[in-house]
Amino acid sequence: MAKNKLIYGVGDIPKFKNLILYAFQTLLAILAATIAVPAIIGLPTQIPAATLGAGIGTIVYIFFTKGWSPIILSSSFAFLSAFPVAISFGYMGILVGGIFSGVVYIIIAIIVKMVGTKWVDRLMPAAIIGPVVALIGFSLAPQAIRDLTAANSTDPFSQYNFVAIFCGLVTLFTVTYCMVQNRFKSVKLLPFIIGIGAGYLLATIFTLIGMATNVSYLKIINWDNLVKSFSPITIESFFTVPKISLVEGIKEMVTGQFAAEIIEASKGTARLLDGVGVAEIAIAFCPIALVTFAEHIADHKNISTIIGHDLINDEPKLHRTLLGDGVGTIAGTSFGICPNTSLGESIACVALTRNASVATTFMTSCICILLSFLSPFALVLQTIPRCVIGGICIAAVGFISVSGLKMFKNVDLDDSGNLLTVCTILIAGIGGLCINIPYIIADDPEACKYIPIASVATSLLLGIAVNQFVKHIKRHEEKLSKHPHDKDK
């Protein structure tokens, strides 16, 4: 997408009332990823902290990138496999994991500042970055479909509910109409808000009918937690202070006791952090951070093509985006609960709405921080049915995949080396190839510990290896062609 096709450029500031709407829409686009991570790791009560961390981390990122990049930093799925190690040492373990992740980025930023970015282009050309970006979208696709088919209710059929699918598809078609029509500029800028509104309204109608007829299958929305928060009405019904890793970690070290949610998430195995624990956390988190560096490159090349400005080689340059991501991750984990990453959903939102205003990104961050303290708003957002989020994610996740495919459309696939590089990445990633490197082996398989490398990261590393091997072969053949007598050796 060319820069002149944007409705709002990076430096544009929409009118305040519109700015609030656009920011809220971006929040809805990143909501699923932001709240999913704490829920998956067994700390659903920490969703407000994750929202707070996303807001603070993004503001730090905007500062380091000098307002050039309209990307939201929020909860990273990449570190899910490392979280069990961190949680076994409580909140302090989570904090240390986030610090290690951020420090890896900072070290790479220093290296990039000293030696430049040419090595990055040589290591990860379009034949690698393109399919990796596509894989990021493909890897999120199963979750998008699981959401589309699920209701928020406790009905036994909630994981596959035809009514939920209908609500999700109405959401998708509403988003599609908003984006395709050209009569109303405001509608074109707010497809997610309008789409979620339509899906939520339809889900509400079905839910009310289900409540009136006592048919649980029609109860798509679950308002139980929202109702409970006002029974009885207390100050906590309106205002809450998130549990942040830094404060809770200090409490653990001082008192020697763990919060109830940590005991539950760790299944009672949590222990105070010591030197061995720090080493285990480093082994679990640092390799993943090295791999998410490639995702950082892919995301920033992607957003660069959307806004028509090279963020890696021009302003603010790669070392600043890395610093922003690294320091933002440390801040986001310290004041939240999860290491952060640049969210593909926020990039998709920029591309689909054609609104690249960093002012919108900043306002989204402020809303994230505000909502983390306001109980009703957070609880209302959590009532948005999974099927409605799934309808949105089909568009957002699909865009990530397609943008990746577009990035290597000009790659010469008649060249066997490029073809094999792309094939290796796509098949390894879609096939779900993962690597678990053992560093503690025990007789009991459950006692073994591994350095986990997820499928996207594994396919990236494998693609780099194949690409470098191909280059080595070509250099060797080129050398032989210049010195034919070497063939006899």
Side-chain angles (χ1 to χ4, degrees), residues 8 10 14 19-38 47-79 102 105 133 136-137 140 189 192-193 292 295-296 298-300 302-304 306-307 311 316 320-333 335-372 381 389 392-393 395-397 399-400 403:
Y8 290 104
V10 170
L19 184 63
I20 296 296
L21 284 174
Y22 303 152
F24 190 71
Q25 174 172 251
T26 304
L27 173 67
L28 294 176
I30 67 167
L31 181 66
T34 302
I35 69 177
V37 172
I47 288 175
T51 308
L52 176 64
I56 292 176
T58 302
I59 290 175
V60 170
Y61 171 79
I62 291 173
F63 171 78
F64 275 95
T65 55
K66 301 190 288 187
W68 274 101
S69 179
I71 291 180
I72 298 289
L73 300 189
S74 190
S75 310
S76 174
F77 284 88
F79 293 96
Y105 270 65
V133 172
I136 293 173
L140 296 173
L189 278 164
F192 290 171
I193 284 184
T292 56
E295 294 183 7
H296 176 98
D299 283 340
H300 284 77
N302 194 4
I303 194 68
S304 293
I306 294 169
I307 66 176
L311 299 174
R320 282 189 169 272
T321 65
L322 286 168
L323 278 174
D325 207 336
V327 180
T329 286
I330 294 173
T333 309
F335 291 95
I337 193 63
C338 313
N340 288 339
T341 189
S342 50
L343 279 193
E345 291 88 342
S346 71
I347 297 172
C349 188
V350 171
L352 295 174
T353 63
R354 295 191 289 172
N355 176 12
S357 168
V358 174
T360 300
T361 308
F362 178 80
M363 183 59 71
T364 304
S365 305
C366 294
I367 293 176
C368 283
I369 294 171
L370 178 64
L371 292 185
S372 68
L381 289 177
I389 295 296
I392 293 294
C393 286
V397 169
F399 168 79
I400 297 171
S403 63

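Heavy-atom basis, side chains included; hydrogens, waters and symmetry copies ignored.
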Handout entry: Pair L352-F192, side chain to side chain contact (heavy atoms under 4.5 Å, CB included): steps then yes or no
Key = CA-CA 9 Å; L352 295 174; F192 290 171; 3.7 Å; yes
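- Within the 4.5 Å cutoff, side-chain heavy atoms of P70 are placed close to those of I307.
- Taking the six-membered ring where the residue is Trp, Y22 and Y8 present tilted rings, their angle falling between 30° and 60°.
- Atom CD1 in I20 sits 9.5 Å away from atom OG1 in T360 (nearest 0.5 Å).
- Interatomic distance, C349 SG to I71 CD1, rounded to the nearest 0.5 Å: 12.5 Å.
- F24 and I193 make their closest contact through CD2-CD1, 3.9 Å (heavy atoms, listed as atom of the first residue, atom of the second, distance).
- Atom CG of L311 is separated from atom NZ of K66 by 11.5 Å, given to the nearest 0.5 angstrom.
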Problem - Check against side chain to side chain contact (heavy atoms under 4.5 Å, CB included), L371 and L27 - result: CA-CA 10 Å; L371 292 185; L27 173 67; 3.3 Å; yes
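- Closest approach of P38 to I47, counting heavy atoms only: CG-CG1, 3.9 Å.
- In this structure, the side chains of I306 and I303 come closer than 4.5 Å at one or more pairs of heavy atoms.
- Note: Y105 OH to H296 NE2 = 6.5 Å, rounded to the nearest 0.5 Å.
- By the 4.5 Å heavy-atom criterion applied to side chains, T34 and I72 are not counted as neighbours.
- The number of heavy-atom neighbours closer than 6.0 Å to CZ of F362, taken from other residues, nucleotides and ligands shown, is 12 or below.
- The two residues S74 and L343 make their nearest non-hydrogen contact at CB-CD1, 3.4 Å.
- Between the S357 side chain and the V10 main chain, no donor and acceptor come within less than 3.5 Å of each other.
- Here the side chain of R320 pairs a donor or acceptor atom with the backbone of F64 at under 3.5 angstrom.
- Side-chain contact check for I59 versus I369: some heavy-atom pair is nearer than 4.5 Å.
- Taking each heavy atom of P316 and T321 in turn, the nearest pair found is CG-CG2, 3.9 Å.
- Partner of T361 under the side chain to side chain contact (heavy atoms under 4.5 Å, CB included) criterion, out of T58, V350, N355: T58 alone.
- No hydrogens or angles considered: nothing links the side chains of H300 and S342 as a donor-acceptor pair under 3.5 Å.
- In terms of heavy-atom proximity, L19 sits nearest to P14 at CD1-CD, 3.9 Å.
- In plain terms, the two heavy atoms of G332 and N340 that are nearest each other are CA-ND2, 3.7 Å.
- Summarising the geometry, atom CD1 belonging to I347 is positioned 4.0 Å from atom CG belonging to D299; distances are rounded to the nearest 0.5 Å.
- Note that the OG1 atom of T329 and the CZ atom of F79 stand 6.5 Å from one another [nearest 0.5 Å].
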